[in-house]
Amino acid sequence: MWRFFPALWRPHLGMRGLINYNLSCCVNTLLQTFSATWELADLLEKWEAAGVRADSRNLPLQLKRVLAAMRGDLPQLAPHRDFLHCLDRNCIRLNTQHDANEVFLSILNFTQQQMDDQVLALQIQNLYKISVGTYLQCLECGSIQTLNSYLLSLPLHIKEDPNTLEDCMTSFFEPQELRDRNCCFCPQCGTKKPSRKGMKVRSLPRILCVHLERFRNNRGLTYKLDCRVTFPEAFDLSEILTEAFSADFAQNNCKYTLYGVVVHSGSAGFGHYTAYVRDKVNKHWYYADDSHIQQVSWEKRDSIYVDV
């Protein structure tokens with residue numbers, strides 16, 4: 001996760017480990033990154049949740065409670081079993097391996113649906129909301145169809161070679177030509193025609209989440225790409241996506257600073273999640289492996305690149 005720069009100051013709150021209950025490492029790593037996203041915690045703290053205080057199925061309420069419990073430098077592990085059971089009641093089952101990005105998106109969607117304060121719910125969604133415009137241009141008559149939508153994370157395709165984050169982003173927004181069987185219907189021509197499909201960024205969020213799509217499916221079998229993906233600690237999207245901004249894009253500052261990385265180690269069938277989180281006050285990086293927390297160095301981060 002990258003935070004929009006500059007970020008506001010917040011007192012140091014420390015990190016607390018989390019017990020691995022029934023394959024909960026995926027959720028544990030997400031909670032560590034959510035805890036480091038102080039903007040989210042602040043919005044949840046403003047929520048009074050008048051009608052749902054005793055609702056064990058209300059996910060944003062349980063998220064608010066577990067993030068509050070994770071604050072401070074107490075030696076004890078943070079209690080989060082109620083949050084795990086709340087996920088289970090919302091069909092994100094215990095004793096089951098999950099994909100971190102899918103759980104992340106589910107948590108944001110349930111927060112949007114289950115908060116009784118829709119203004120705050122929208123503000124939480126807007127923290128991550130990437131507004132985009134998808135266009136389809138007929139290559140014969142030149143007419144263009146457009147559709148505005150949004151993403152909560154960028155799903156970046158990676159190659160079976162060394163990758164850079166910048167190249168993955170450029171490839172994601174690169175227009176594609178659709179021909180032969182992939183021709184699309186053109187309302188102007190009244191029939192299927194060769195087309196060019198692309199996407200433009202209309203606005204960027206404060207928190208930019210990137211999902212590196214390492215899992216592939218081949219004839220019903222899922223496998224994982226273990227190739228290297230390098231990425232910087234800070235970047236300016238206006239320098240990377242020079243051709244990907246829409247005509248109505250009005251943001252002047254597109255700088256982001258990395259503060260959280262969710263890592264999957266292992267194969268597609270069996271693996272383990274850990275996280276790297278950057279403290280916004282002392283600027284140190286910390287490695288979170290369930291109950292184990294330790295300080296690490298950005299200069300010795302090669303292990304991050306292998307299985308993000």
Side-chain angles (χ1 to χ4, degrees), residues 1-5 99-102 104-106 108-109 112 122 124-161 163-189 192-217 225 227 229-232 234-258 262 308:
M1 295 180 177
W2 277 264
R3 172 175 281 109
F4 187 76
F5 181 86
D99 177 79
N101 188 63
E102 292 180 358
F104 165 74
L105 295 176
S106 294
L108 292 184
N109 287 331
Q112 182 73 14
L122 184 59
I124 290 174
Q125 185 184 75
N126 286 340
L127 286 177
Y128 304 92
K129 187 175 180 180
I130 310 162
S131 294
V132 295
T134 302
Y135 68 88
L136 188 67
Q137 182 179 21
C138 176
L139 293 178
E140 291 198 5
C141 73
S143 63
I144 299 177
Q145 305 174 62
T146 60
L147 175 66
N148 293 329
S149 59
Y150 68 89
L151 303 168
L152 297 176
S153 67
L154 279 182
L156 301 184
H157 183 86
I158 63 175
K159 302 173 294 184
E160 297 189 30
D161 297 303
N163 300 260
T164 67
L165 178 72
E166 295 91 332
D167 288 342
C168 291
M169 285 188 174
T170 301
S171 177
F172 180 78
F173 287 100
E174 187 175 358
Q176 297 179 330
E177 290 196 359
L178 306 175
R179 297 181 179 275
D180 302 323
R181 290 188 301 176
N182 295 321
C183 288
C184 296
F185 181 79
C186 172
Q188 189 76 17
C189 299
K192 288 186 176 181
K193 294 291 184 179
S195 305
R196 179 181 292 111
K197 182 180 180 181
M199 183 181 293
K200 296 287 187 180
V201 179
R202 302 182 66 241
S203 67
L204 290 168
R206 184 172 181 84
I207 309 298
L208 179 65
C209 293
V210 172
H211 173 221
L212 301 180
E213 296 190 321
R214 289 190 174 274
F215 296 101
R216 298 284 190 274
N217 188 282
L225 298 179
C227 49
V229 180
T230 58
F231 49 88
F235 64 82
D236 188 339
L237 267 183
S238 64
E239 298 176 355
I240 300 173
L241 306 179
T242 55
E243 303 296 328
F245 294 107
S246 65
D248 59 351
F249 185 85
Q251 293 172 233
N252 294 322
N253 194 340
C254 302
K255 296 179 180 178
Y256 286 87
T257 300
L258 182 68
V262 172
V308 175

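Values below: every heavy atom of this structure, side chains too, minus hydrogens, waters and symmetry copies.
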Side-chain donor-acceptor pairs of residues 124-136 under 3.5 Å, sequence neighbours excluded:
residue : atom : partner : partner atom : Å
Gln125  : NE2  : Tyr150  : OH           : 3.3
Asn126  : ND2  : Leu122  : O            : 3.3
Ser131  : OG   : Ser203  : OG           : 3.2

> Are Arg216 and His157 close enough that some pair of their side-chain heavy atoms sits under 4.5 Å apart?
Replying inline: yes
> Mind checking whether Arg214 and Cys227 have side chains closer than 4.5 Å, heavy atoms only?
Replying inline: yes
> Backbone N or O of Asn163 within a donor-acceptor pair of the Asp167 side chain at under 3.5 Å?
Replying inline: no
> How long is the span from the CG atom in Leu154 to the SG atom in Cys209, to the nearest 0.5 Å?
Replying inline: 9.0 Å
>> Distance check, rounded to the nearest 0.5 Å: Lys192 atom NZ versus Cys184 atom SG?
In response: 8.0 Å
>> Measuring from atom OG of Ser246 to atom CE of Met199, what distance do you get when rounded to the nearest 0.5 angstrom?
In response: 12.0 Å
>> Does any part of the side chain of Leu208, heavy atoms only, come nearer than 4.5 Å to the side chain of Phe235, both counted from C-beta?
In response: yes
>> For Lys200 and Phe249: C-alpha separation, side-chain torsions, deciding distance, then whether side chain to side chain contact (heavy atoms under 4.5 Å, CB included) applies.
In response: CA-CA 9 Å; Lys200 296 287 187 180; Phe249 185 85; over 6 Å; no
> Does a side-chain heavy-atom distance below 4.5 Å link Leu204 with Phe245?
Replying inline: yes
> Rounded to the nearest 0.5 Å, how far does OG of Ser171 lie from CZ of Phe173?
Replying inline: 11.0 Å
> Distance from Glu166 atom CD to Thr230 atom OG1, nearest 0.5 Å?
Replying inline: 6.5 Å
> When rounded to the nearest 0.5 angstrom, what distance separates CG in Leu237 from OG1 in Thr242?
Replying inline: 11.0 Å
>> Less than 4.5 Å apart, side chain to side chain, heavy atoms only: is that true for Asp99 and Phe215?
In response: yes
> Are any side-chain N or O atoms of Ser153 and backbone N or O atoms of Val210, one a donor and one an acceptor, separated by less than 3.5 Å?
Replying inline: no
>> Contact between Pro232 and Leu165 at the side-chain level, heavy atoms closer than 4.5 Å - yes or no?
In response: yes
>> Among residues at least two apart in sequence or on other chains, which ones pass salt bridge (charged side-chain N to carboxylate O under 4.0 Å, His left out) with Arg196?
In response: Glu177
List, one per line, each side-chain donor-acceptor pair under 3.5 Å for residues 139-147, sequence neighbours excluded.
residue : atom : partner : partner atom : Å
Glu140  : OE1  : Lys193  : NZ           : 3.1
Gln145  : NE2  : Phe185  : O            : 3.2

> Is the number of heavy atoms from other residues, nucleotides or ligands within 6.0 Å of CD (Glu213) greater than 12?
Replying inline: yes
